[in-house]
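To start, the structure under review is shown below, and the notes come after it.
Chain identifiers are assigned alphabetically (A, B, ...) following the order of the sequence lines, protein sequences preceding nucleic acid strands; residue numbering begins at 1 within each chain. Note that the coordinates shown come from a computational prediction; the quantities given were computed from them, not determined experimentally.
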There are 2 protein chains.
Amino acid sequence: MAATIKDIAKETGLGLATISSYLNGGNVREKNRIKIEEAIEKLDFEVNEVARGLKTNRTKMIGIILPELNNIFFAEIITELEDVLRGQGYAAMICDCRTDEKREEEAIDFLKRRRVDGMIIIPTGKSGRGLQEVMDAGKPIVMIDRRIRNVRCDTVLVDNRGAAEDAIRRLLDRGHRKIGMIAGAEDVYTAEERFQGYCRALEAAGIPAEDSLIVRGDYTIRGGSRGIKELAKRNPDMTAVFISNYEMTLGAMIELNELGVRIPEEMSVIGFDNIEFAKACIPRLSIVTQPTKELGRRAAELMLKRLEEKERTEFETVRLATRFVEGRSVCCCPDGERGL
Amino acid sequence: MAATIKDIAKETGLGLATISSYLNGGNVREKNRIKIEEAIEKLDFEVNEVARGLKTNRTKMIGIILPELNNIFFAEIITELEDVLRGQGYAAMICDCRTDEKREEEAIDFLKRRRVDGMIIIPTGKSGRGLQEVMDAGKPIVMIDRRIRNVRCDTVLVDNRGAAEDAIRRLLDRGHRKIGMIAGAEDVYTAEERFQGYCRALEAAGIPAEDSLIVRGDYTIRGGSRGIKELAKRNPDMTAVFISNYEMTLGAMIELNELGVRIPEEMSVIGFDNIEFAKACIPRLSIVTQPTKELGRRAAELMLKRLEEKERTEFETVRLATRFVEGRSVCCCPDGERGL
DNA sequence: ATGAAAGCGCTAACAA
DNA sequence: TTGTTAGCGCTTTCAT
């Protein structure tokens, strides 16, 4: 059995409170400090954080709920998040809900029972069921990447609309007019924002958005390959395509590869996320990248701030900028007349 | 404040033990069961797992230590792991140690203080310092992917040597004789096994392994691109290359892309891991893939089995087979005489 | 600065 | 089956 502070007390002849005080950085007489440290060393004592958590009602655990861990975009965010949190002594209890709303709700309950001090969530569902109660119980929530209407809390987002707008504008500048988009599902926050950016850029250029140039994928590899096939079939005159997340970009590249479409001669492409993948493509892919590390860091910092604050202050929403990384997958299309 | 079983007892007029018995699946009179359920509903009671953990000395938390979460190979393993564990009510406390031995040791301490019921680790360090003590304290440990000599515990590995041997044999069968390898660092368990497979296959074919055809990367993208550059420079007559992990494969592809080397006409390539990436390559890459899901699942199952067992049984070592996925990145080289 | 004692929410004997 | 009681390891008044 592991040693307890009782054992340390007995070993040193001191009282429990003194040991506790020492452990929590209180003032202890030099002489006793040494005695305690020797006893700790000798008995191989380690604070029992479970007991401490029960007593203080603070477990120093943060629940993290996300759609899927085996997704490089989310994994990068969580990596940074966990790093910052643990640096402050907080443990990350991670729940992957497999992009399933029901599982997401279960995860929230699971974490409530475990009495985490707060939750950081990259939402899957749209309802946010269960979250408001967590907030009401005084446990802070920080949301990343997607927003949910009913839940008021700190949020860290990306400027999705601006990112898409910028990408499309670059295609327009190179003379493209028939620009396809592989968008995400309508009920996904980021997907909708990116889609709006696409529309807005075209609108600003006086080009009506055509239904045939838009397909809805579902942020999966399969969705990307289906999407590009569909677009190509429907639009022989399409000269460029904008793909709005990494998995779909990967799927589209696989399919373009399969179809033998030459990039950028036959088709200009702008993808999303994962710069390493983009560099490995032939030719190098132009992409929009998101600041994953910063998303994670800012979310962790917002959480830590909430955990320290005495009284609740205004909720913050941080919106981070994306970056465009130029590859060689976009060519000029002066007459807007090439295509497949 | 959240309701406690005391509140439920007061509300129902029953004793604490009855409530506890109900919560733990004991026998409770039908009438009382209903009363309790109503009270739980009314007071919005949820078991406090922290208190339960303190009392039972079982937190139902499993510590998971890994080199890096933002690595698709590890992320896939952890995803499956967490899924299986949570399905049995266990929480995954994940610690990313950034491939840093010191951080790995800190993570072990961190998890000990938190009194996790067991640890699953994908080791970074070679010493396994701190792990044996965990075992001695009666907490099971399961190791994944890499083995550590001093620590005796359940282990789930991949047949790395066989995988490399098979890959090289395929190249030999197609007539290649000058086969390069981008290996990992010598002190990395999997890297060494894969390297041995390479040597063994050549040996079986009566071809001496040449130093100039072997470079040591460090399992990073950068290591891969440097590796292929070095190999190409040193061996103008090299006709094929085997790259022994995903990151280095990615790096090598980026560099080959940069150098304008045509695959497979000028260079046959066999990579490692990440089938999606392989499919997106032009031409599709032939690769060795590892059974990530099964690695995670088996590890979780071994852990659960240990947690249930009354007395300690023999440690198990599971070794899983890899799979070769044929692409179009290997060509025939009948005379062994082409190359760059 | 230190000690004594109460109690966080739960489980597990033991009695009834 | 149910109630009473002790105690898991810690923190935290309140005295001293």
Which residue, B:Val28 or B:Arg115, contacts DNA chain D at a nucleotide closer to its 5' end, judged by nearest heavy atom? B:Val28
Rounding to a whole Å, what distance do you find between [X]:[atom1] and [N]:[atom2]?
| X | N | atom1 | atom2 | value |
| --- | --- | --- | --- | --- |
| B:Ile19 | C:dT11 | CD1 | P | 11 Å |
| B:Arg58 | C:dA12 | CZ | P | 10 Å |
| A:Glu46 | D:dC10 | CD | P | 11 Å |
| B:Leu23 | D:dT2 | CG | C1' | 15 Å |
| B:Asn57 | C:dC10 | CG | P | 17 Å |
| A:Lys6 | C:dA6 | NZ | C1' | 13 Å |
| A:Ile5 | D:dC8 | CD1 | C1' | 12 Å |
| B:Leu54 | D:dA6 | CG | P | 18 Å |

Counting only non-hydrogen atoms, which of residues 10-17 of chain B are less than 4.0 Å from DNA chain C?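 Contacting residues: B:Ala17.
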Is [X] salt-bridged to [Y], going by a charged N under 4.0 Å from an acidic O?
| X | Y | value |
| --- | --- | --- |
| A:Glu105 | A:Lys102 | no |
| B:Glu38 | B:Lys35 | no |
| B:Arg86 | A:Glu106 | no |
| B:Glu104 | B:Arg129 | no |

Candidates [options] - which lies nearest the side chain of [X]:
| X | options | value |
| --- | --- | --- |
| B:Ala51 | C:dG9, D:dC10, C:dA12 | C:dG9 |
| A:Asn27 | C:dA1, D:dC10, D:dT1 | C:dA1 |
| B:Thr18 | D:dC10, C:dG3, D:dG3 | D:dG3 |
| A:Lys55 | C:dA1, D:dT2, D:dC10 | D:dC10 |

Indicate whether the side chain of A:Arg98 and that of A:Asn70 have a donor and an acceptor atom separated by less than 3.5 Å. yes
Residues A:Thr190 and A:Tyr219: side-chain donor-acceptor under 3.5 angstrom: yes
What does A:Phe45 touch in the nucleic acid at a heavy-atom separation under 4.0 angstrom: a base, only the sugar-phosphate, or nothing?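 Sugar-phosphate only.
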Which is true for A:Ser20 with a 4.0 Å heavy-atom rule: it touches a base, it touches only sugar-phosphate, or it touches nothing? base
Listed partners of B:Glu308 passing salt bridge (charged side-chain N to carboxylate O under 4.0 Å, His left out), at least two apart: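 Partners of B:Glu308 under the salt bridge (charged side-chain N to carboxylate O under 4.0 Å, His left out) test: none.
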